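Before any comments, here is the structure.
Predicted model only: the values in this text are computed from it and were never measured.
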Amino acid sequence: MKSTNISINFTGKTSKKSDTIVILAKKEGALFDCGNDLDKEINGWISYNIDNTPKFEGNKKQSMVSSMPVDSQYNKLVVAGVGDVEKLEAKDIEVVGGNIYTAIKSIGSEEITVLVDGIGEYKADDVAARIAYGIKLASYKFDKYKSEAEDKEKEETLKKVNIQLSSFKDAYELYSELDCVVEGIFLSRNLTNEPANNLYPESYVKIIKEEMKGLDVSIEILDEKKMQKLGMEAIFSVGKGSVRQPRMVIMKYIGAGKKDAPIAFVGKGVTFDTGGISLKPGAGMEDMKIDMCGSAVVVGLMKTLASRKAKVNVVAAVGLAENMPSEHAYRPSDIIGSYKGKTIEVINTDAEGRLVLADTLSYVQKKHKPHTVIDLATLTGAMMVALGLDYCGVFSNDNDLWNEINQAGDKVGEKFWRMPLDKSYMNEIKSEIADIKNMGSKYGGACTAAAFLQYFIEDGVKWSHLDIAGVALGKKSSSLIPKGGSGGFGVRTLNQLIKDKYEVK
């Protein structure tokens, strides 16, 4: 599933094929050294255009487009603002790359050259790599199902990006790691955008196997028969209403010492959620194809870590099911078992994601003994009510783990907010006729859902639950997430978390 055809090239020479030159400007439109050198070569053409474009002040997210002199080798000029250099962070440079892509898309260039200097504390090679990263992230598109014969979106014109700097070899080395992150994010976005008639548990398994080919990732697959044999009644109950039976996929990557305990990532993969017998309203139900976003992030993250050969041991597991109403579907009032051996009273069949995760979490802990578990799920509408579409809610039993996730998110520009875990929420989900029930009262729904998951976390295991319901919808586009680029939230943060805190140095 290829999402972009743009070629990134780092070079010390000017490409004669480029039709557009791109330079950077700081606050108040001041140019960097390479921009000033170019400006002198063309007799002040750039500074003249900046001075005569009143709204352009070199601020972040600003860009200026103009023609170049007739005797120049370039046809067009783009000046991209970076804002206040003193306040610039790595994530801001990536946004500059995204804005460059947007500006280029508007003028239809095929090949561009970007001139790069060091900016503040960031060396030229780092700036170059991050600009390339931003351009690539912004270039995502999903038009797999658009017909050539009909109103297909105009083909992207940009084919090649040349980033010119003296330390181009160092830039390439830095970018090669970032490009692994891009591939993981794009995989996550592609999975999220696939319709449920093409992405269902069995087909999802095939995609995972294909995407992990050539990487040092071992894969274990549990089908419905294996799940039943193992006593995984929770995930099996969710999926048994569908003709497409559930699956569980466990991916293992060993990048550190073989005896070192792994960190585990677990994702909810409900490939379509009708709500089951507790049927959802029809309006907006088409969005329920994204109820597998947590699993998509986990799969994308595993591809990133294995591709860049991260020095860490990781086990990643996704529970895959389709929640449908039928004569075989589980019902409110059913009492079902679980892999952990605990019984669950079903209050609402639309509280299905936590059941999928319960068995997946239990299996990963029992078989792989991770020191830390992080799960991701589009778990509750209550999280969207609480935090909207900008923040991901995080529940954690460990202060250090929460701080590590939050700090990693801040570095890459993804927002997190800690939510409470309290005994009162656990009391809400105690059942009078079973060990636990899958839903509490109408209040604090995201918190009682997290309490349900905590019930399946073993003593001594550090754990965080990321409810990505709001951020996964992708209703808001940004410089790095174009329209239709939903999915992928968390890949950058969790990769950064591994890089900062868990890789063997």
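- In summary, Glu220 and Lys367 engage in a salt bridge, as defined by a charged side-chain N under 4.0 Å from a carboxylate O.
- Atom NZ of Lys505 has more than 12 neighbouring heavy atoms from other residues, nucleotides or ligands inside a 6.0 Å radius.
- Of the charged side-chain nitrogens involved, none lies within less than 4.0 Å of a carboxylate oxygen, so that Lys411 and Glu89 do not count as a salt-bridged pair.
- With salt bridges taken as basic N to acidic carboxylate O contacts below 4.0 Å, one links Asp410 and Lys91.
- Here the straight-line distance linking atom CD1 of Ile436 with atom CD1 of Ile347 works out to 11.0 Å at 0.5 Å rounding.
- Ion pair Glu322/Arg244 flagged as a salt bridge, since at least one NZ, NE, NH1 or NH2 atom sits closer than 4.0 Å to an Asp/Glu carboxylate oxygen.
- Within the model, atoms OH of Tyr502 and OG1 of Thr372 stand 4.0 Å from one another, a figure rounded to the nearest 0.5 Å.
- Looking at Lys437 and Glu428, no side-chain N of the basic residue comes within less than 4.0 Å of a carboxylate O on the acidic one, giving no salt bridge.
- A donor-acceptor pair under 3.5 Å is formed between the side chain of Asn397 and the backbone N or O of Trp463.
- With values rounded to the nearest 0.5 angstrom, Asp273 atom CG is found 4.5 Å from Asp291 atom CG.
- Checked for salt-bridge contact, Glu211 and Lys303 meet the test: a charged N lies under 4.0 Å from a carboxylate O.
- For Phe416 and Phe489, the distance between ring centers is under 6.0 angstrom.
- Aromatic ring centroids of Tyr175 and Phe10 lie under 6.0 Å apart.
- To the nearest 0.5 Å, atoms CG (Asp334) and OG1 (Thr343) are separated by 12.5 Å.
- To the nearest 0.5 angstrom, Asn99 atom CG is 10.5 Å from Ile135 atom CD1.
- With rounding to the nearest 0.5 angstrom, the CD atom of Glu224 is 5.0 Å from the CD atom of Gln245.
- No donor-acceptor pair under 3.5 Å is formed between the side chain of Asp422 and the backbone N or O of Tyr425.
- The backbone N or O of Gly275 sits less than 3.5 Å from a side-chain atom of Thr349, completing a donor-acceptor pair.
- A salt bridge does not link Lys309 to Glu503: none of the charged side-chain nitrogens sits closer than 4.0 Å to a carboxylate oxygen.
- With a 6.0 Å cutoff to the six-membered ring centre and a 45° limit on the axis angle, Lys289 does not count as a cation-pi contact of Phe272.
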